[in-house]
Each structure stands twice: as C-alpha cells, then as structure tokens.
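One structure is given here, and the rest of the page talks about it.
These numbers come from the heavy atoms of this one structure, side chains and all, not from hydrogens, waters or symmetry mates. Atoms within each ligand, like the ligands themselves, are counted from 1 in listed order.
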Amino acid sequence: MCRASETPLERILSGLRELPGWVAEQPAGRLGEVIIKSREIIDRTEAVAAEATRRFEKAGGYRSDGFLGMVPWLRVNGKLSGAAAAERVDTARQLKELPRTEEALARGEIGYQHAVAMARTAEHVGAAQVRKAEATLLKAAETMDPGQFVTVAKNFEHQVDAEAVLADANRAHARRYLQLGEVTNGLVRLEGQLVPEAAAMLRTRLEPFLKPAKGDERSTGQRSHDALLEILRRGAIAGDGKSSGGGPRPSLIIKVDLDTLAGIDGAPAGELEWGGTIPAETARRMACDSAITRITGLGELEQELTHAARTIPPSTRRALVARDGHCVFPGCDRPSPWCDGHHLVHWADDGPTTLDNLGLVCGAHHRKVHEEGWTLRREKDARWHATPPPLKVLARARTG
Ligand SMILES: [Zn+2]
Ligand SMILES: [Zn+2]
C-alpha cells in the first residue's frame, strides 16, 4: 500500500483510516493501551505542529490566506477556539527558547499540557531562568500529571521571582466576582470566579454533604446544589442559636398572607424578600419550622398567633431530636442536623407546636411532604408511615 512518493503525513493519515476497524476488533483488556498510545500520538504531534507553527508564523505564511495574524489563521484552519489557538501559538514561540522541552514533548516523555506549563513559566520569569533549571523541571514533569506539575512550576516561579508571582496573583484577584441573577423560570443563575482560598473553603464545606444517599437519583450538580443549601441552612440555625438581645436577622424572609398559608384557593403566592414568588406549599414548608424563616405581612394571622406559638421552643426541639434521632421518613437516616421540625398539622391550620404534632424530616423529605403532596403520620405504635399523594392530586398537579 505504501508508495515511496507518500509524505510521512499521508502515511499517518492512511494509518488513521485503518484504525477504527482495528480498534473495533480489540478486546476490552487492550483498550487502555490503545488510549495511552492515542494520547501519545496526539501529544507528540503537538511538538511537530509547534515547530511548524513557529516557522509558518515567522515566514508570514498566514498572510497569503488574508489573515492578520497566526492566531486567527490557526483558529479557523486548525478548528480551535480562540483561546486554544492562542495557547498553541504562545507555546510554540516559547518552545523555541526551550529546545530540551520541545524534544521531550516530541519523544513523548512529557505531555502537551506539561509543555504548556513550561512555556507559561518561561513567559512569566523569562526563558533564560527556565533553561537553568530545565532538566530538573522536566524530570518532575515526567513523573507528575500536568495539574501537579503546575504546582511545581509555580513554586519555581516563586523562587525565581516572588514579586512577579504576587503581581500575577493580584491581577487574577482583580478578576474575582460573584453574580446572582434574577429569578427566571423558577431558578436563579449563579455565576462567578472565586479566589483559590474561597474555592478551597467552599469545597471543604460542601464535601461532607456531597455523598449520594441510598438510591439517590440526583445528579452530581444537583447534589452540589443541595450541599450548598444545607450549608446555608445550618449557618442560619447556628446564627439563631447565638441569638442575643434583638436576635440575629433570619436568613430567609418571606412575605405571605393568611390565605396563602392556609392553602385557600385564589390566595396570592408567597414572596421572597429578595424578589421572586414561591407557591403556597413552599411558603407553608418554609414557615413550618421557624428556625430560619421570618414571616412578614401576616396581617390578621399575626394577631391570632403569637410568634411563640409557631416557634419550636429549644426544649421541645431537644425532645424532638431525642425522640426521633434522625429523619423519620421511612428508609431515611439523615441525622438531626439535616432536619427541620415538621408540623404534622400545620400551625396555620391550628396545629400545635408540641411534640405530638412534630416530626424530624430532612430537607429533601420536608419538600416531599409539602410540595410533593406526601402524607406523613405517626402510628400508635410510634412507627412512621409515609403515603404518596392521591392520584387526583397528581393529576391536578399535571394539568394545573
Ligand atoms: Zn413541614
Ligand atoms: Zn429524609
């Protein structure tokens, strides 16, 4: 098949055409090797492309195609994003000054991402500095994944030029932001870039709440979201515990009126202090355990019910935790810190805030018994039973 007139690139391309058929025949046990070899080919080809890019740019080859620079030429012709094209052009330029790094990449001793880290380091402290330590750095690169190697490279930069590293970090720091959008279609978009210390603290705090529960059907993203909610909820309760004088500001303030809490047809929706409306059943859940929620705008209900009537007193809460221990929803064992005190008969329906009328439920199950229409009851034998909503409620929920 191989004709002498074929260039090496043509030979590689004809080899590539044969690969899918060959890979399809490989047993699963050999696929790891297939992936490793494929990665090596991709990375080593990057070294070839880097050298070609450098020479093509120097010769102004991109101009004949009407492009104003190497990056836009590569973006279009190399099918890359702007950032990926710029990274390749920058790396190609830096590797000219780091021949040992380029050779290591061409031989497959390091990966493309290691070479990018070396090039970035050269960009920050100068190629001459990197060349002095190039052998040591390459040795580290050979045994580390690129993420770990970036840490080594950053340490090196710090040793060479601590001020530049600080200036770099300060520039990055200026790009920090956190943006909470308006409620759109029932959800709020959260977007931002965190300084590394904030991200590290957030990860540490989220971590204990990320584990999937038994039979958990939530996605990773949904679990991260719920973990954040759990942290915020606990922060609110901890703040409440330290209450002194006027007390802390409850972290969740909802405006809701009597008809809404009583679940009367035609009642308005509840409102969150920061904007956005919530369905009546969500308002009933939030109001159910007053530890984190303050309710405003109750009007006549305010006169009928004192604040004390709907707040679970600390002694009652302790007794509730002692009796239930964890979420009482059958099959759930989330511990008491995860739980709200749910009123079996809502206080807005004249249910008392006493042990008989309360049950510990975790956030997810509290939602089930309010928004999702489940019924929770405690039998005479002290066992808890949960019943799914009647079909007509489901049907109404679907058509409504
Ligand atoms: Zn409740
Ligand atoms: Zn539960």
Metal proximity, H343 vs the Zn ion (ligand 1), N/O/S cut-off 2.8 Å: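 H343 does not place any N, O or S atom closer than 2.8 Å to the Zn ion (ligand 1).
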Indicate, with yes or no, if the rings of H365 and H342 have centres closer together than 6.0 Å.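 No, ring centres 6.0 Å or more apart.
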Report, rounded to 10°, the angle at the Zn ion (ligand 1) between the two atoms SG (C288) and NE2 (H370).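 Value returned, to the nearest 10°, is 120°.
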Among the N, O or S atoms of H342, which one sits nearest to the Zn ion (ligand 1)?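 In H342, the N, O or S atom with the shortest distance to the Zn ion (ligand 1) is ND1.
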My understanding is that only residues two or more places apart in sequence, or in another chain, count here; which of them pass side-chain hydrogen bond (donor to acceptor under 3.5 Å, both in side chains) with R107?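 For R107, the residues satisfying side-chain hydrogen bond (donor to acceptor under 3.5 Å, both in side chains) (neighbours in sequence not counted) are E109.
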Who passes side-chain hydrogen bond (donor to acceptor under 3.5 Å, both in side chains) against N185, sequence neighbours left out?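 With sequence neighbours excluded, N185 shows a side-chain hydrogen bond (donor to acceptor under 3.5 Å, both in side chains) to no residue whatsoever.
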Check this for me: does any side-chain nitrogen of one of R367 and D226 sit under 4.0 Å from a carboxylate oxygen of the other?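 No, no charged N to carboxylate O under 4.0 Å.
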Using only heavy-atom distances, determine whether the side chains of D333 and H326 contain a donor-acceptor pair under 3.5 Å.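 Side chains of D333 and H326: no pair found under 3.5 Å.
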Hey, what else clusters with L376 if you join Ile, Leu, Val, Met, Phe, Trp, Tyr whenever side-chain heavy atoms sit under 4.5 Å?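 Its cluster partners, ordered by chain and number, are V328, F329, L344, V361, V369, W374, W384.
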Near the Zn ion (ligand 2), which protein N/O/S atoms are found at less than 2.8 Å?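 Protein N/O/S atoms under 2.8 Å of the Zn ion (ligand 2): C327 SG, C332 SG, C362 SG, H365 ND1.
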Separation of K96 NZ from E57 CD (nearest 0.5 Å):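 These two atoms lie 11.5 Å from each other.
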